[in-house]
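Read the structure below first, then the notes.
Numbers restart at 1 for each chain; the letters A, B, ... are given by sequence-line order, proteins then strands. Keep in mind that the numbers below use all heavy atoms, side chains included, and drop hydrogens, waters and symmetry copies.
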Protein chains: 2
Amino acid sequence: MENTSKKTARPGKVKSRTYEELWTRPGYLIRRLHQIHVGLFAEECGGADLTPVQSAILTVLQGGEGMDQLTLSTSVGIDRTSGADVIRRLERRGLLTRISSEQDRRAKIVKITVEGRTFLKRVRPRMARAQDRLIAPLDDEEREEFFRLINKLVDANNKASRAPMGTV
Amino acid sequence: MENTSKKTARPGKVKSRTYEELWTRPGYLIRRLHQIHVGLFAEECGGADLTPVQSAILTVLQGGEGMDQLTLSTSVGIDRTSGADVIRRLERRGLLTRISSEQDRRAKIVKITVEGRTFLKRVRPRMARAQDRLIAPLDDEEREEFFRLINKLVDANNKASRAPMGTV
DNA sequence: GCAATAAAAGAAGTATACTGTGTAATTTTG
DNA sequence: CAAAATTACACAGTATACTTCTTTTATTGC
């Protein structure tokens, strides 16, 4: 909102924390910023039919060798079923393969394909542009501080998340 | 991740901005923090069957008089169709009413009910607890700075969002 | 060895949050 | 005043992100 209550009422300091106004609620601001990121990402990468989570999945696969769906979902920080949805869509597009493991026939090993690697290389600059635009309003010092604070929040609250990262 | 690459590689300063690692992508961190907030909110308010967006809708209605669905959705910062979904669900639960306007028969005027007000009063402490827990890892000074930075990002990027706020 | 347990995945269901299309009502314009 | 543009909503479809329940496969305990 560059409007109404915010401009008049925002005191620079919020001391009470009664969260009566939406824009004083951290969760609300984070949801808005998340929406904004999704919007920016779609603007840059939508033409390539790539979403932030799809990009994260492919990025993780690019680095390591194949892994099962649960490990992959967890390393991206999403629930196993949400991950399965994304992985299935990427498989349909030929960007990765899902092959039953020989060792453990319950597990399906996910691997990025050559097409997947090519695709990722092609869209990387657009992905980076979306990230750049998101933090463009901050100067260098503010960016460092923002990264520090958000990392602190994510790390400390990680256990509270419904899909905690790094627990595999 | 209090794991793998982050601990070893995180240099305190990220200068290159190549976004090769997930945790160096602002969009990724914001998505994680958003998930965490949703998780915390569900933990506190899930028993009352209340989501963050539902809470935002009811909060806006509580303050003013009735308004049409688009104005309501916009003031919460979501798309009109997403808003319509949420509003329909809240109507089904009797927490608000949707009545066709006399002045403009295209519009449906949304008003909070007495049950809605009672409900909101009852869950307010739990909502506040979710917000408190989210920013608990930060000290007072860090909180002020976090609010300042995230407000700056939201304000500056608002236009880029798919559902810009305050444009009504 | 076999039953109990645990783990990986699938399927169904819900909520959020969009896009796009279509419809009805209102307002603006020629 | 009639055509055109705009507005408010509804509906269908997609993607993310969960929950819960079930099936299949591995591991473990006895």
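- No donor-acceptor pair closer than 3.5 Å links the side chain of B:Glu144 to the backbone N or O of B:Glu141.
- A chain of hydrophobic side-chain contacts below 4.5 Å, direct or via other Ile, Leu, Val, Met, Phe, Trp or Tyr residues, connects B:Leu40 to B:Met127.
- As rounded to whole Å, 10 Å separates atom C1' of D:dC9 from atom CZ of B:Arg88.
- When distances are taken from the side chain of A:Gln35 to each of C:dC18, C:dA7, D:dA10, the shortest belongs to C:dC18.
- Because its NZ or CZ atom is both nearer than 6.0 Å to the ring centre of B:Phe119 and within 45° of the ring axis, B:Arg93 counts as a cation-pi partner of that residue.
- Look at CD1 on A:Ile109: it is 12 Å from C1' on C:dA9, rounded to the nearest Å.
- Of the candidates D:dT25, C:dT26, C:dT19, the closest approach to any side-chain atom of A:Asp104 belongs to D:dT25.
- C:dA8 atom P lies 14 Å from atom CE of A:Met67, rounded to whole Å.
- The minimum heavy-atom distance linking A:Ala56 with A:Val76 is given by the pair CB-CG1, 3.8 Å.
- With the end axes of the helix from C:dG1-D:dC30 to C:dG30-D:dC1 each set by five pairs, the angle from one to the other reads 10° at 10° resolution.
- Around the NZ atom of B:Lys111, the shell of radius 6.0 Å holds no more than 12 heavy atoms that belong to other residues, nucleotides or ligands.
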Which protein N or O atoms sit under 3.5 Å from an N or O of nucleotides 12-16 of chain C?
residue	atom	partner	partner atom	Å
C:dT16	OP1	B:Thr51	OG1	2.4
C:dT16	OP1	B:Gln54	NE2	3.2
C:dT16	OP2	B:Arg89	NE	2.7
C:dT16	OP2	B:Arg89	NH2	2.2

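- Here D:dT20 is the nucleotide among D:dC18, C:dA7, D:dT20 with the atom lying nearest to any side-chain atom of A:Arg80.
- Look at CG on A:Asp79: it is 14 Å from P on C:dA8, rounded to the nearest Å.
- Residue contacts shown for B:Arg98 are limited to sugar-phosphate atoms, with no base heavy atom under 4.0 Å away.
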* To do: Take B:Thr71 and B:Asp68 through the side chain to side chain donor-acceptor pair (under 3.5 Å) test and state the conclusion after the steps.
  => CA-CA 6 Å; B:Thr71 306; B:Asp68 65 285; 2.5 Å; yes

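- Between A:Thr59 and B:Arg25, some side-chain heavy-atom pair lies under the 4.5 Å cut-off.
- With hydrogens and angles ignored, no donor-acceptor pair under 3.5 angstrom links the side chain of A:Arg106 to the base of D:dA26.
- Distance, B:Leu70 CG to D:dA10 C1': 14 Å, rounded to whole Å.
- Rounding to whole angstrom units, CD of residue A:Gln69 and C1' of C:dA8 are separated by 9 Å.
- Taking atom CD of A:Gln103 as the reference point, atom P of C:dA7 lies 19 Å away to the nearest angstrom.
- Pairs passing the salt bridge (charged side-chain N to carboxylate O under 4.0 Å, His left out) check and including a residue from residues 119-132 of chain A, sequence neighbours excluded, read A:Glu44-A:Arg129.
- Just one of A:Arg98, A:Arg88, A:Arg80 meets the side-chain hydrogen bond (donor to acceptor under 3.5 Å, both in side chains) condition when paired with A:Gln69; it is A:Arg98.
- Straight-line distance from the CG atom of A:Leu50 to the C1' atom of D:dT14: 15 Å, rounded to whole Å.
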